[in-house]
Amino acid sequence: MKYNMKMLLGTSAVCVLIASTAYAGPADDPGIQKREQLQEKRIDQGVKSGELTPREAGKLEAQQAKIKQDEARMKSDGKLTKKERRKLAKEQNRASKNIEKKKHNEQKTTVSQ
């Protein structure tokens with residue numbers, strides 16, 4: 001019970017962090033924004049299907065929050081350079097691999113309906 005409460009609080013904290021970074025403004029590159037949304041959707045789907053445990057989902061969401069923070073920092077000067085776009089793409093590629101790996105590992109949760 002304590003574990004579930006800690007995971008709920010941890011996941012809630014990550015959601016607040018994600019929401020706060022979402023107000024950084026729209027990406028200069030629509031591809032970056034679309035990629036972020038796709039990653040979030042994949043994580044949500046993994047939780048709903050039971051492929052991701054709450055702990056795994058929390059770690060993946062924290063990784064996404066860090067990417068959004070990096071994007072906001074990079075955009076703070078009013079532009080996003082090609083080098084910065086490549087860095088964000090590399091971070092999202094790494095996150096995508098992590099999502100795939102965690103969704104297809106042996107850890108599962110039972111989904112109650």
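- Using a 4.5 Å cut-off on side-chain heavy atoms (C-beta onward), Arg85 and Met74 make no contact.
- Taking the side chain as every heavy atom from C-beta outward, Ile67 and Lys87 never approach each other to under 4.5 Å.
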**OP:** Check the pair Glu71, Gln33 against side chain to side chain contact (heavy atoms under 4.5 Å, CB included), reporting the backbone distance first and the verdict last.
**Re:** CA-CA 10 Å; Glu71 178 188 357; Gln33 199 68 25; 4.2 Å; yes
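- Every residue was checked against the side-chain hydrogen bond (donor to acceptor under 3.5 Å, both in side chains) condition with Lys34, not counting sequence neighbours, and none meets it.
- Applying the side chain to side chain contact (heavy atoms under 4.5 Å, CB included) test between Glu51 and each of Lys102, Gln45, Glu56 identifies Gln45 as the sole match.
- Partners of Arg73 by side-chain hydrogen bond (donor to acceptor under 3.5 Å, both in side chains), not counting sequence neighbours, listed by chain and number: Asp70.
- Summarising the geometry of Gly46 relative to Lys103, their closest heavy-atom pair is CA-CE, 4.1 Å, with the distance given to 0.1 Å.
- Within the 4.5 Å cutoff, the side chain of Lys97 has no heavy atoms near those of the Lys101 side chain.
- With respect to Arg42 and Glu100, a salt bridge is recorded, a charged nitrogen being found less than 4.0 Å from a carboxylate O.
- Here Arg35 pairs with nothing under the salt bridge (Lys or Arg N to Asp or Glu O under 4.0 Å) rule; sequence neighbours left out.
- Side-chain contact between Arg86 and Glu91: absent, with no pair of heavy atoms (C-beta onward) separated by less than 4.5 Å.
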Original post:
After noting the C-alpha distance and the side-chain angles of Glu36 and Glu40, does the key distance pass the side chain to side chain contact (heavy atoms under 4.5 Å, CB included) rule?
Top reply: CA-CA 6 Å; Glu36 289 173 356; Glu40 292 291 336; 5.6 Å; no
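- Applying the side-chain hydrogen bond (donor to acceptor under 3.5 Å, both in side chains) test to Glu84 and every residue at least two apart in sequence or in another chain returns Thr81.
- Checked against side-chain hydrogen bond (donor to acceptor under 3.5 Å, both in side chains), Gln63 has the following partners two or more places apart in sequence or in another chain: Asn98.
- Looking only at side-chain heavy atoms (C-beta outward), Thr53 and Val47 stay at 4.5 Å or farther from each other.
- For the pair Leu52 and Ile43, the tightest heavy-atom approach, listed with the atom from each and the gap, is CD1-O, 3.5 Å.
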**OP:** Would you please test Arg94 and Ile99 for side chain to side chain contact (heavy atoms under 4.5 Å, CB included) and show each step?
**Re:** CA-CA 9 Å; Arg94 191 175 308 118; Ile99 293 168; over 6 Å; no
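- Expressed to the nearest 0.5 Å, how far CD of Gln39 lies from NZ of Lys68 amounts to 10.5 Å.
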